[in-house]
A.B. asks: 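Below is one structure. I have some questions about it.
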Amino acid sequence: MPQQPPVRSSRTPPSRPDASMSLLTNVMDHSLDDGYAEAAARKKAAGEGGLPKTLRAKLGLAAGLVLAALVVTVGAAQARVAAPVVAKEREELIDRIDRETDAADTLEDSVDKLRDDVSARQREALKKSGGDDQAELVGILAGATEVHGPGVKLVVDDAEEASTGADGDPRETSGFSDTGRVRDRDMQRVINGLWESGAEAVSINGQRLTALSAIRAAGDAILVDNKPLVPPYTVLAVGDGRQLSTRFQDSADGLYLHALQENYGIRTSISVQDDLRLPAAPSVIVRTAQPQPAQPSAAQSNTAQPNTETSEKGTS
């Protein structure tokens, strides 16, 4: 019996297990698209034909160093060229300052000499106007001569923890503030109280006061005749020491000073001295009053001058 040929199966061969993941398989097999591949190929070709990266970096660094060195060299050369000019200008400025300083010193010496001459002439004029005793008394009261004798020494100082007021106005005119600083109005009351208590001559921090002296303020500084003073303020008053001290402390101005001490911590001390020396005032301005010449009244001036229009009308 003849053998039958084998029968082929009509079933299709089995598919790959990952046949259902064709998209992911394609992405994995071709991770780079054609554009990336071409760009990588061009970069590789250009790298083979050009210079290596390291060499190009070295050349760039060298060029930067050369440029920096050139800039530094040019700057140093310019500074070296300009140095003599700057030094010359500096020397000229120093010479000018020295000359102006010498001129200012000369003018100051001249002012001192003129002030002494004026004081001497004032004293001579006082002597000629009356007797020696009267001239001496007038000179003492005017502050034109140096005086010495018994009196009191009053020291007024700011409080230990004095500070500036928050509103910028440390002491209002209507009352006190808690700053603990001595103000110009305080010194005015103290000096006026000493005069009223019998002081014959007064000075503050070595500066003689006269009838024309002014005590003012510039910020926190106290000015006497436009000269600033610094605390503590030492007031010397020539007179009967014990009587002057008692009268001042019992006066309204003495009680005012005591209130400053008690309420605001301003420090004060007063003591009787056997001998005080007060300098003469640096300059005393002598002023004299002169009567004005009598002038005609308005009625007299009207009658004295004729009316031109009336006279012209009368003659026409």
Side-chain angles (χ1 to χ4, degrees), residues 143 146-284:
E146 180 182 355
V147 298
H148 72 91
V152 296
K153 177 181 179 182
L154 175 63
V155 180
V156 183
D157 197 0
D158 295 337
E160 294 183 358
E161 299 180 355
S163 60
T164 303
D167 56 353
D169 191 4
R171 185 165 296 163
E172 300 290 344
T173 56
S174 60
F176 301 134
S177 73
D178 57 354
T179 63
R181 290 185 180 274
V182 180
R183 297 298 170 189
D184 57 333
R185 71 198 67 179
D186 303 332
M187 295 307 302
Q188 291 173 3
R189 295 200 59 168
V190 168
I191 299 303
N192 289 333
L194 289 173
W195 286 121
E196 293 177 359
S197 300
E200 300 174 3
V202 180
S203 68
I204 303 178
N205 286 10
Q207 185 169 341
R208 181 77 172 274
L209 300 181
T210 66
L212 302 177
S213 297
I215 301 177
R216 294 291 184 266
D220 288 339
I222 296 179
L223 306 181
V224 175
D225 293 336
N226 294 326
K227 294 182 179 179
L229 303 180
V230 295
Y233 307 103
T234 302
V235 181
L236 302 180
V238 173
D240 188 343
R242 296 188 181 279
Q243 186 177 4
L244 180 59
S245 176
T246 302
R247 286 183 177 179
F248 173 75
Q249 294 185 68
D250 294 339
S251 66
D253 298 318
L255 296 176
Y256 171 89
L257 186 61
H258 183 69
L260 293 180
Q261 182 180 9
E262 291 293 329
N263 298 325
Y264 305 102
I266 291 179
R267 293 166 288 178
T268 64
S269 65
I270 186 170
S271 59
V272 178
Q273 303 290 323
D274 295 333
D275 188 20
L276 297 174
R277 292 187 175 274
L278 277 64
S283 62
V284 178

A.B. asks: Would Leu260 and Asp186 count as a side-chain contact (heavy atoms from CB on, under 4.5 Å) if you check the C-alpha gap in whole Å, the side-chain angles of each, and the deciding distance to 0.1 Å?
C.D. replies: CA-CA 9 Å; Leu260 293 180; Asp186 303 332; 3.8 Å; yes
A.B. asks: Arg247: what forms a side chain to side chain donor-acceptor pair (under 3.5 Å) with it, not counting sequence neighbours?
C.D. replies: none
A.B. asks: Give the minimum heavy-atom separation between Gly193 and Phe248, together with the two atoms involved.
C.D. replies: C-CD1, 3.8 Å
A.B. asks: Identify the heavy atoms of Val202 and Ala237 that sit nearest to each other, and give their distance.
C.D. replies: CG2-CB, 4.2 Å
A.B. asks: Are any of the side-chain heavy atoms of Asp253 and Glu196 separated by less than 4.5 Å?
C.D. replies: yes
A.B. asks: Looking at Asp250, I want to see if its CG is surrounded by more than 12 non-hydrogen atoms of other residues, nucleotides or ligands under 6.0 Å.
C.D. replies: yes
A.B. asks: Rounded at 0.5 Å granularity, tell me how far CG in Asp157 sits from CD1 in Ile266.
C.D. replies: 9.0 Å
A.B. asks: Within the 4.5 Å heavy-atom criterion, are Leu154 and Leu257 side-chain neighbours or not?
C.D. replies: yes
A.B. asks: Are Ile215 and Ile204 packed together at the side-chain level, in the sense that at least one heavy-atom pair is separated by less than 4.5 angstrom?
C.D. replies: yes
A.B. asks: Kindly state each residue pair satisfying side-chain hydrogen bond (donor to acceptor under 3.5 Å, both in side chains) with at least one member in residues 232-243, sequence neighbours excluded.
C.D. replies: none
A.B. asks: Can you name the closest pair of heavy atoms from Leu236 and Leu276 and give their distance?
C.D. replies: CD2-CD2, 4.0 Å
A.B. asks: Roughly how far apart are Ser213 OG and Lys227 NZ, rounded to 0.5 Å?
C.D. replies: 10.0 Å
A.B. asks: When rounded to the nearest 0.5 angstrom, what is the spacing between CD in Gln207 and CG in Leu223?
C.D. replies: 9.5 Å
A.B. asks: What's the shortest heavy-atom distance between Arg208 and Val147, and which atoms?
C.D. replies: NH2-CG1, 3.8 Å
A.B. asks: Closest approach of Pro232 and Val155, non-hydrogen atoms and distance?
C.D. replies: CB-CG1, 4.0 Å
A.B. asks: Arg216: which residues meet the salt bridge (charged side-chain N to carboxylate O under 4.0 Å, His left out) condition with it, sequence neighbours left out?
C.D. replies: none
A.B. asks: Are there over 12 heavy-atom neighbours, none belonging to Asp274, within less than 6.0 Å of that residue's CG?
C.D. replies: no
A.B. asks: Kindly indicate whether the side chain of Tyr256, heavy atoms from C-beta on, has any atom under 4.5 Å from the side chain of Val190.
C.D. replies: no
A.B. asks: First locate atom NE2 of His258, then atom CD1 of Ile270, and finally report the distance between them rounded to the nearest 0.5 Å.
C.D. replies: 13.0 Å
A.B. asks: List for me each residue that meets salt bridge (charged side-chain N to carboxylate O under 4.0 Å, His left out) alongside Asp225, sequence neighbours excluded, and say none if there are none.
C.D. replies: none
A.B. asks: Closest approach of Tyr264 and Ala159, non-hydrogen atoms and distance?
C.D. replies: O-CB, 3.5 Å
A.B. asks: Any chance you could measure Leu278, atom CG, to His148, atom NE2, to the nearest 0.5 Å?
C.D. replies: 11.0 Å
A.B. asks: Tell me if a side-chain donor or acceptor on Arg267 pairs with a main-chain N or O of Asp158 at a distance below 3.5 Å.
C.D. replies: yes
A.B. asks: Apply side chain to side chain donor-acceptor pair (under 3.5 Å) to Gln273 and list each qualifying residue two or more places apart in sequence or on a separate chain.
C.D. replies: Ser271
A.B. asks: For Gln261, check side chain to side chain donor-acceptor pair (under 3.5 Å) against everything at least two apart and list the hits.
C.D. replies: Thr268
